[in-house]
Amino acid sequence: MTLALVAVVGETVTDLLDPWPLKIIIDNLLQSKPLPPWLAGIVSHVAGQNKFAVLNFAVLAVAVIAIVGAVSSYVEKYLTTSVGQWVMHDLRRTLYQHIHGLSLAEHDEKRTGDLIGRVTSDIEAVQDFITTALLGMLVSALTLTGMVAVMFYYNWRFALIALSIAPALFLVVFVLTKRIKKASRAVRQKQSELVNIVQEVFSSIRVVKAFSREDYEQQRFEEQSLENVEAGLQARSVKAKLSPIVEVLAAVGTCLVLGYGARLALAGQLSAGDLIIFLAYLGKMYKPMRDLSKMGDTVSKAAVSYERIQEVLNTVSRVRDLPRARSAPPFKGKMEFDRVSFGYSPDHPILKEISFQIEPGQVAAFVGPSGAGKSTIVSLIPRFYDPTSGQVKIDGSDIRKYTLQSLREQMSFVLQDTVLFRAPIWQNIAYGKPEAQRAEIIRAAELANAHEFIEKMPEGYDTMVGERGVSLSGGQRQRVAIARAIIRNTPILLLDEPTSGLDAASEQAVFEALGRLMEGKTCVVIAHHLATIQRADVIFVVQDSQIAERGTHAELLAAGGLYSELHGLQQLGSAEEPSVGN
């Protein structure tokens, strides 16, 4: 940027020198008017004193000024483009990193498409400002200052007449720039909403097709696109007014100077060279004025985009490392909830002062009606959310004393909605342990009952998995997820409905894999199918935001409470299921 500023000075100087060769030719050669002493000394020293030497000097000066101006312009544009690209990279990296640092609470409140827009188009608007407007504004400002100074040096009356339009010009620019910025903000908002719709529909395309809602989604997209067009046209109507008004005001200023200067020239009070150089400077003075006024659009877009970027960067994560957080020691796996309360919104509590303990190596299951808070309990253990009151402890210490990374590094997850990335299968298995060797990956797949079906795939472990794992069946995705948890080999395992929606054969294969995965680990399991957790060491029944019952499968059945009722309903449902072919 410093080098680019040097190039800007070169551009400014060449702009200021550009009219002088013409003045030398007109005054010295055509009208035999002597040059100013300082300029005569330079010409005499460089080219000599005869008229042909002066002509050669003027011609050479035109070429040198053009070359220096061209080189300065190239260097300035090349360097500002480089700076713009690197600023875009740094800003995008910072924003992306900050978004990753936000907790799920913040992600729940923000739309994915809007965040995508801020990481892409908003940052590009800032880059465009740096590349095209930042030093361009400086060039225009320096050139304008230089022109005004030279014009006052030549004839202060001329300069005052030329600048008489400046107050009106800057008033117009100021008023319209405010309106342009407001219109640009509306356009950015509409563009963000359009991206939200596209992202939402494309990520849910199976649901759209399953319910034949293509026409509805097309209509919804077109309506939003039309709103975007309308906002763009409103913004354009404001921007379109600026350039003509500036041109008219510049023409008025030129008319005033031309009329006044021509009268002085006719009266013999001003040489033709002086009038021509003054008119040349006048044109050059109005050019940066025009350029500055036209940059209002780029500046407004960048300002709005930067506000949107700053809005994300200023968002403070509700779940973050505390000032004195330390790395977690190797966990034994004892977990405790001490009067924990939590709600996604203050007026809607999900958990109310629940307390329980899970001993190291135990398998603890949570059951209960949908919406009772089971998944919320599991989300509090790795600090996806923090409780509004109470403490979550591991091995007797509040987990908020540990850094988030060191806490989560000692936990593995197998969730109901298994997310796989568009990458080879081996890379999906090693996602939680990138440094894993090939042998470790294959061993984990074998323990997860996944090796056999992976080997049958076209490229084995190098087979690319479709986005979100759509090229695999539900059972296959779950077994890949289990392999991912096995290779991580952590002391704590969190399972959220790991067999939901699987057929009997896939469920059996997943059960066997889970059995191997859970050996020697403290496991927290959420299950709707009570048959999957009958062997759990302790079962907690969650109802009305509290722990309603706790005990083993046999103890809870004998108690005749909610667990027994749920078990009876599931047994009845299983007995009434029709067999295949009936």
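We count residues from 1, following the sequence as given.
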List the steps, then state whether side-chain contact (heavy atoms from CB on, under 4.5 Å) holds for E106 with S317.
-> CA-CA 7 Å; E106 285 78 43; S317 177; 3.5 Å; yes
Check against side-chain hydrogen bond (donor to acceptor under 3.5 Å, both in side chains), S412 and T490 = CA-CA 6 Å; S412 295; T490 57; 2.7 Å; yes
Give the C-alpha distance, both sets of side-chain angles, the deciding distance and a yes or no for salt bridge (charged side-chain N to carboxylate O under 4.0 Å, His left out) between K433 and E440.
-> CA-CA 10 Å; K433 188 181 179 183; E440 292 180 80; 2.7 Å; yes
Kindly indicate, with the supporting measurements, whether the criterion side-chain hydrogen bond (donor to acceptor under 3.5 Å, both in side chains) is fulfilled by Q85 and S82.
-> CA-CA 5 Å; Q85 289 288 342; S82 299; over 6 Å; no
Test E124 against R92 for side-chain contact (heavy atoms from CB on, under 4.5 Å), laying out the working first.
-> CA-CA 9 Å; E124 285 172 4; R92 185 178 288 155; 4.3 Å; yes
Quick one: do E214 and Q218 satisfy side-chain hydrogen bond (donor to acceptor under 3.5 Å, both in side chains)? Show the steps, please.
-> CA-CA 6 Å; E214 292 92 343; Q218 178 69 21; over 6 Å; no
Determine, step by step, whether I358 and T522 satisfy the side-chain contact (heavy atoms from CB on, under 4.5 Å) criterion, reporting the C-alpha distance in whole Å, the side-chain angles of both residues, the deciding distance to 0.1 Å, and the verdict.
-> CA-CA 8 Å; I358 302 171; T522 303; 3.8 Å; yes
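In this structure, V465 and P424 have side chains that are not in contact, with every pair of non-hydrogen atoms separated by 4.5 Å or more. When side chains are defined from C-beta on, E555 does not count as touching I539, because their heavy atoms never get closer than 4.5 Å. A 4.5 Å side-chain heavy-atom check between L494 and P382 finds at least one atom pair inside the cut-off. Y461 has its side chain out of reach of Q427: every pair of non-hydrogen atoms, C-beta onward, lies at least 4.5 Å apart. Looking at L91 and L95, their side chains never come closer than 4.5 Å, going by heavy atoms from C-beta outward. The closest side-chain heavy-atom distance from V187 to Q191 is below 4.5 Å. Under the 4.5 Å side-chain criterion, counting only non-hydrogen atoms from C-beta, I394 is in contact with L407. Two residues are said to be in side-chain contact when any heavy atoms from C-beta on lie closer than 4.5 Å; L495 and V378 fail this criterion.
For N228 (side chain) and Q224 (main-chain N/O), no donor-acceptor pair under 3.5 Å exists by modelled atom type. Using a distance-only test at 3.5 Å, with no hydrogens or angles considered, no donor-acceptor pair links the side chain of S341 to the main chain of S389. A donor-acceptor distance shorter than 3.5 angstrom exists from the side chain of D395 to the backbone of K332, with no hydrogens or angles considered. Using a distance-only test at 3.5 Å, with no hydrogens or angles considered, no donor-acceptor pair links the side chain of S406 to the main chain of S327. A donor-acceptor pair under 3.5 Å is formed between the side chain of D537 and the backbone N or O of V363. Side-chain atoms of S305 do not come within 3.5 Å of backbone N or O of I123 as any donor-acceptor pair. Side chain of E227 to backbone of K190: no donor-acceptor contact under 3.5 angstrom is found. Side-chain atoms of S564 do not come within 3.5 Å of backbone N or O of G561 as any donor-acceptor pair. At distances below 3.5 Å, at least one donor-acceptor pair connects side-chain atoms of K374 with backbone N or O atoms of G368. For the pair R320 (side chain) and L102 (backbone), a donor-acceptor distance under 3.5 Å is absent.
Between atom NZ of residue K182 and atom OG of residue S300 there is a gap of 13.5 Å, rounded to the nearest 0.5 Å. The CE atom of M88 sits 8.5 Å away from the OG1 atom of T131 when rounded to the nearest 0.5 Å. Atom CZ in R479 sits 13.0 Å away from atom NE2 in H451 (nearest 0.5 Å). How far CD of Q410 is from CG of N489: 11.0 Å, rounded to the nearest 0.5 Å. Here the CD atom belonging to E217 is positioned 10.0 Å from the CD atom belonging to Q219, to the nearest 0.5 angstrom. How far CG of L493 is from SG of C523: 4.5 Å, rounded to the nearest 0.5 Å.
Between F413 and F384, the gap from one ring centroid to the other is short of 6.0 Å. Close placement of the F356 and F366 rings is indicated, their centers lying within 6.0 Å of each other. Separation of the Y96 and H100 ring centroids falls under the 6.0 Å cut-off. Aromatic ring centres of Y402 and F331 lie closer together than 6.0 Å.
Residues D386 and R318 come closest through the heavy atom pair OD2-O, 4.0 Å. The minimum heavy-atom distance linking I99 with V312 is given by the pair CG1-CG1, 3.9 Å. The shortest heavy-atom contact between A448 and I486 is N-CD1, 3.9 Å.
Defined by atom type and a distance below 3.5 Å, a donor-acceptor pair is missing between the side-chain atoms of T376 and S379. Side-chain contact annotation: Q189 with S192, donor-acceptor N/O pair under 3.5 Å absent.
At most 12 non-hydrogen atoms from other residues, nucleotides or ligands lie less than 6.0 angstrom from CD of Q405. Summarising the local packing, CZ of R550 is surrounded by more than 12 heavy atoms from other residues, nucleotides or ligands at distances under 6.0 Å. Summarising the local packing, CZ of R400 is surrounded by more than 12 heavy atoms from other residues, nucleotides or ligands at distances under 6.0 Å. Counting heavy-atom neighbours within 6.0 Å of Y306 OH, excluding the residue itself, gives a total of 12 or less. Remark: Y431 OH is loosely packed, at most 12 non-hydrogen atoms of other residues, nucleotides or ligands lying under 6.0 Å away. Residue E359 qualifies as enclosed at atom CD: its count of foreign heavy atoms under 6.0 Å is above 12.
One finds a salt bridge joining D114 and R308 here, because a Lys/Arg side-chain nitrogen approaches an Asp/Glu carboxylate oxygen to under 4.0 Å. Ion pairing between K456 and E452 holds under the 4.0 Å rule for side-chain N and carboxylate O. Using a 4.0 Å cut-off between charged side-chain N and carboxylate O, R488 and E409 make no salt bridge. Ionic pairing of R339 and E353 is not present here: no N-O contact between side-chain nitrogen and carboxylate oxygen is shorter than 4.0 angstrom. Taking the charged nitrogens against the carboxylate oxygens, D90 and R93 do have a contact shorter than 4.0 Å, which makes a salt bridge. Classification of R118 and E311 as a salt-bridged pair holds, one side-chain N sitting under 4.0 Å from a carboxylate O. Electrostatic pairing of D122 and R185 does not count as a salt bridge here, judged by no charged N lying under 4.0 Å from a carboxylate O.
Checking each of I547, D338, V542 against I354 for a side chain to side chain contact (heavy atoms under 4.5 Å, CB included) leaves exactly one that passes, namely I547. Screening R188, K181, K301 for a salt bridge (Lys or Arg N to Asp or Glu O under 4.0 Å) involving E307 leaves a single residue, K181. Paired with I425 under the rule side chain to side chain contact (heavy atoms under 4.5 Å, CB included), one option of I441, I454, D462 passes, and it is I454.
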